[in-house]
Amino acid sequence: MNAFIVYGVLGLIGGVFYCEFTKLNGFTDFTTLSVVHTHYLMLGMVFFLMLVLLENNFHFIDNKVRKYLIFYHIGLNLTVIMLVVRGVVQVLSLNVSSAVLFGIAHLILGISMVLVLISIRNCIKDSF
């Protein structure tokens, strides 16, 4: 429950940062800062809100799922950090490469999401 509130607030902060940072620097092209807002709102707030609703009905969260969710938090936050780093680099026209860490963050996020979804499926399948 707390995670979806925190990610909702972080999503709003990300949106404000994107608007103000690009405006302050006179930047009008695309930057990855523009997707920080949606990553936190959809993959953070909405994902955990859905988990709260599913947990209320199916009670699928056990120690194994908690470990998956810890990796999900790590993957999501590392992904957003890399989006911010890449976006700031784009706005300031710096030459820095962060592709490897960005790929690893997405990999952690994707794998942990699939593991959580499989756990939900298995629990729902067992309840019928």
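The figures that follow rest on heavy atoms only: side chains count, while hydrogens, waters and symmetry mates do not. On a predicted model such as this, the values are computed, not experimentally measured, just so you know.
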Interatomic distance, [X] atom [atom1] to [Y] atom [atom2] [nearest 0.5 angstrom]:
X: I104; Y: M82; atom1: CD1; atom2: CE; answer: 9.5 Å
X: S119; Y: K64; atom1: OG; atom2: NZ; answer: 5.5 Å
X: M45; Y: T38; atom1: CE; atom2: OG1; answer: 11.5 Å
X: S93; Y: D29; atom1: OG; atom2: CG; answer: 9.0 Å
X: L24; Y: C19; atom1: CG; atom2: SG; answer: 12.5 Å
X: I124; Y: L54; atom1: CD1; atom2: CG; answer: 5.5 Å

Side chains of [X] and [Y]: does their closest heavy-atom pair fall under 4.5 Å?
X: N57; Y: L53; answer: no
X: I120; Y: F58; answer: no
X: F21; Y: V88; answer: yes

Legend entry - N56 side chain vs V52 backbone, donor-acceptor pair below 3.5 Å: no
Inset, instruction - Say whether, by atom type as modelled, one donor and one acceptor occur between the side chain of T31 and the main chain of Q90 under 3.5 angstrom. - result: no
Inset, instruction - Can you see which heavy atom on F48 is nearest to which on L69, and at what distance? - result: CE2-CD2, 4.0 Å
Legend entry - Nearest non-hydrogen partners of E55 and F60, listed with the distance: OE1-N, 2.9 Å
Mind checking whether [X] and [Y] sit in one hydrophobic cluster, side chains of I, L, V, M, F, W, Y counted as touching below 4.5 Å?
X: I5; Y: V36; result: yes
X: L107; Y: I118; result: no
X: V6; Y: M50; result: yes
X: V9; Y: L41; result: no
X: L117; Y: V46; result: yes

Legend entry - Chi angles and distances behind the side-chain contact (heavy atoms from CB on, under 4.5 Å) call for L83, V35: CA-CA 8 Å; L83 287 170; V35 296; 3.8 Å; yes
Distance-only check: which donor-acceptor pairs under 3.5 Å involve side-chain atoms of residues 108-115, not counting sequence neighbours?
| from | atom 1 | to | atom 2 | distance (Å) |
| --- | --- | --- | --- | --- |
| S112 | OG | Y72 | N | 3.4 |
| S112 | OG | I108 | O | 2.8 |
| S112 | OG | L109 | O | 3.1 |

Inset, instruction - I would like to know whether T28 and T22 meet side-chain contact (heavy atoms from CB on, under 4.5 Å); could you show each step before the answer? - result: CA-CA 7 Å; T28 56; T22 55; over 6 Å; no
Inset, instruction - Return each pair, listed once, that meets ring-ring contact (aromatic ring centres under 6.0 Å, His included) where at least one residue sits in residues 25-44; pairs must be two or more places apart or across chains. - result: Y7-Y40
Inset, instruction - Among Ile, Leu, Val, Met, Phe, Trp and Tyr joined by side-chain contacts under 4.5 Å, find the other residues sharing a cluster with L12 and list them by chain and number. - result: none
